[in-house]
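Throughout, protein chains are lettered first and strands after them, A, B, ... in sequence-line order, and every chain is numbered starting at 1.
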Amino acid sequence: MGSSCPEVSQPRPRTACRTGPRRPCRISGGIAAAGRPGARGETPGPSGGSVAVSPESPMDSRMDPAVSAVRLTVREAVHTLSSSEDGDRILSTLGSLKRYLGGAENPALPGEQEEFARMHFSALLRCLVGRLSPAWLELLPGGQLEAPWASFFLEGPADQAFLVLMESIEGMAGPSFRLMKMVQLLAQFLGAGRVAAVMESQCWQLAEPAFPLLQETLLAKLVGLPDHLGNRLQRENLAAFLPQNYFPLLGEELLRVLQAVVDSLRGGWDCSISFLSQVLGKACVHGRQKEILGVLVPQLMALTQGNCLWQRVCWRLVECVPDRAMEALLTGLVEAASGPEVLSRLLGNLVMKSKKARFVMTRKILFLQYRYSTPMLQSLLGYLAMDSQRRPLLVQALKELLETWGSSSAIRHAPLPQQRYVSKAVLICLANLREAELRDSRDELLASLMAGVKSRLDSSLPAVRRLGMIVAEVASARIHPEGPPLRFQYEDDELSRELLALVAAQPVADSPSEASPAVAPVAAEAPDRGSTEGGGIPAQAEGAGSDLDSDDDLVPYDMSGDQELKSSKAPAYLRDCVEALTSSEDWERWEAALQAVEGLIVRSPAATREVSVELAKVLLHLEEKTSVVGFEVLRQRALVAVVVTDPAPVAEYLTSQFYAINFSLRQRMDILDVLTLAAQELSRPGRLPKAAQVGSPSPASPSSSTEAPAWRVVVEERIRNKTRRFSQHFDRPLVTFDLLGEDQLVLGRLAHTLGAMMYLAVNTTVAVPMGKALLEFVWTLRFHGDAYVRQGLLSAVSAVLLSVPTARLLTDLPDELLEAGPWLADVAEQDSDEDCRVLAVKALLLLEKLKDTLLPLTPP
Amino acid sequence: MAASPLPPPDPCFVLRGAQSAVHALHFFGGAQGQVHPLLLSGSLSGLVHIWSLQTRRAVATLDGHGGQCVTWLQTLPQGRQLLSQGRDLKLCLWDLAEGRNTVVDSVPLESMGFCRSSILAGGQERWMLAMPGRGNDEVQILEMPSKTSVCTLKPEADAKPGMPMCLELWQADSSPRPLLLAGYEDGSVALWDVSERKVCSRVACHTEPVMGFDFDSQKARGVSGSAEKALAVWSLDEQQALQMCRTHELTNPGIADVKIRPDRKILATAGWDHRVRVFHWRTMKPLAVLSFHSATIHCVAFATDGLLAAGSGDQRISIWSLYPIA
């Protein structure tokens, strides 16, 4: 074919080698049609012959004169255009060339048109671009030249025009008149819907081999247009080229092409949509899923509704997306689709056909990522559940999810949001599966579930335990409905409600197609009735209809304080109180004593000192015999009051008990809490905050520097006595019980407590040895596997840095600090627990600050 | 509804100085240029204090019951006259006009019970007084100020309702016949037609004696409290028949007094558990539990402007302002 085209500047690198084996992606319209009348570009004409057939073809001899005639005309015209300064002549030349575009009064023969489009159009366009200048346009008054000039770009073969436009815009240096004209022309080009023509032209190339390089270039330019224009125009960029405007446009154009494809299929003509898939995929890879799918999905959703042809086109469109773009497209689609059945309509059985899609849908989204919202998960898993062919995948996914959920290593190393994500996925799977399916793989599921529950309940992070309880309850009820129901005690909160709603909202429909796509409604909150018994009697219609006032204007006050009056007298003396707490069988008296004990301790310190250790013992061993409101808090505050009133013996007693053998976990934790709160109270005499936190105490915010100095002296004096005592007792080998093994929760709490004490021991002489001992303690445990322990250690490091005076840190603990630096940096970067990372960063900052204070001292 | 309810309110102010338990309260409208109404309180020691709500001080003390507990206070619509009932078996009529505070008249009582009396005064010269009578279960009706005994209302022999515990005289808008509501020791509330001297209707509201009730004549609905753990709401239909509407469970037993605010939006109860409870009158929705006192509350009263007063055994009177009248 090269023989007939001597021009060097051929726009189409027909001879270019193909980049890879790409089968043209075809949709058969059913009838093997010879071609499509009216199609532009390379489409064979109605005569059935191709222009690129062999020279021996009889048609070639007929075409030959046409070919040369066209060549001659074009060469002449190009010459005129490039040299003439006569406006009228140029105009008439343009007019004569216009014939080849068709649509004029006397269009050229189809063969000529084709030859022109194929061989000469790009060259002509380049020539037109080259001529463009203000002077040239003004050769004829009133902008008469501009319209015909532009019409070549807007009416000629779209793919070539687009390429020339992009090429010339990219090739021009710096802002110029020509550049701005071209940019405006491109904007016009976009506005006139020519992008659809560009893409459409790529859909009819069935008869000829595809031109991979050309398609590749077109693809890059189409999708990269906003980037190219942005780079070129910098601040002068037009709104139409901004990605947020361009990609929705691209989406609309895609849709128009798809419409044309559907129409042609209906007419019985084949066409290929692989180019469209590539455009879509590439746009998604560029991260523009929201923009392009935001336009496409709602429309496709409507179009595929009950329309098989559209569905097939849509499935094909997704199928043909190259593997490397599959993930971007699928995540975008899952996000944009409003429910499983929409997804099912758009994707068909894609997961069964494409390995990559299956990988993305059943592994990547579920296990490797966790940023997707719950409705997305519901769409995705609902999609898997909607077809009998896909359901085995769902069962498989559930098995794997449960395995991950229960793996103790994942529990330890996966970040909490991911664990939550996996839990949600498990619950959604359960909601989507039928009992029969669950029964088939019950043993396997139950095994992973039970293992998971065990390792989760072992965790020292409350959130992990909660997830374990919630999922275990729901999952066991679904997997093993005949068995005794599993019941845990956990407080109702947003998370638990959300998780339970996932299961409740989707009753398992027997027919997969009935599975509702509805986004799970948040479980309706039970009307809050406060603490009033018998409250909320529904308002009845009263006999007197005249009363129109609404209840809303009378908002109830908090009535939680409305409790039963205790008739029994509270003991008035501490000894009576102790007696009542130990031996009373009268529960009202016992409760009254418990409520009174803190007040009595505070009121009579002298009396307290006489019985302090005994009282501490009683309180420590006190069991909740009746359901007193706030039992834990009452007991804790009483204990704190005892420690504060008589620190030396009581603290000694408590610390010795901490290592004793016959104590429950709860009691050990209590000892730590009490000591921390007492230390806090001692370092800041005054009142404890009314509602003392029962949870793990965190290091309080740095004490304000506005405290009166005199006051401080008193405090220091007191702390010196107390904290030394605490620290002496704590910093000894941890051997008495299995602190390094099973009791990691206590260990974590111990680390937290030591950190808090260290912090509260600021400005005391004992701080330095305490800090040293604490850093050693931290160092030995720094690679502990439990996140809670690590959190405690990190906060302890911060406390040391805050409490030990700078100078002493540098003289007494330089090695420890030097070692701590890299460790902290490592944790800050790599720890799986978010809180650990944050704490490590804080400690690092303190360390950095220390270095800053050090710098002026070091010689330059 | 707000996410978290407001914390319970504190009293606006507290009146101290009654020097003994407060057993009766009565607001005395803000007449004669006084912006704030006066508050009258009757105490266990037999004194009646008149409090200015502006200065929050006692402006006068009336001593007319010989050291015996004052159980009931009521002002007459015409003139500045006050009726006080004491455990010294005397009802005193005081003249308070122009700063006077003298007993102008007194009516002997013949019952040692705790029953508070009631009056029906339509602004005329003559008014009607209902008070516990001589017999254990009798109610005596007098025409005042002549002190003529009109009749004695005695239950039928087989009824045995016990002593009357609280009384309320009233008149329906439609008919001029005076009616009397009486709460009895057996927990029932009865409606008497005074002129016919017969019980129109009776309903058992409580299992314990009725300690106090209030009746909303517009809605024909009343609420009563007793020694037990519940409030009872009852209504009166066109056939003058009393019917139980519902009961409302309380946290602690014992209601000493019940009052509906004059605008009939809310009602307050005086609790033996040291707390005042406020309810929405139409729906009986609990609105607030006011805890301030440290002893049994004996009486509550509403002023026309909506102010609520509670008098307690701890010798204090707390004044509250809730849900202001629009």
Tyr573(A) atom OH, over 12 foreign heavy atoms within 6.0 Å: no
Region of Asn252(B) that comes under 4.5 Å of a non-hydrogen atom in chain A: side chain
Within 6.0 angstrom of Glu834(A) CD, more than 12 heavy atoms from elsewhere: no
More than 12 heavy atoms from other groups under 6.0 Å of CD on Glu238(B): no
Leu287(B) to Leu554(A) - nearest heavy-atom pair and separation: CD2-O, 3.7 Å
Within 6.0 Å of CZ in Phe114(B), more than 12 heavy atoms from elsewhere: no
Region of Pro8(B) in contact with chain A, defined by heavy-atom distances below 4.5 Å: both
Chi angles and distances behind the side chain to side chain contact (heavy atoms under 4.5 Å, CB included) call for Tyr557(A), Val278(B): CA-CA 10 Å; Tyr557(A) 289 94; Val278(B) 179; over 6 Å; no
Proximal component of Pro253(B), with respect to chain A [non-hydrogen, under 4.5 Å]: neither
Lys285(B) vs Pro556(A) side-chain heavy atoms within contact, under 4.5 Å: yes
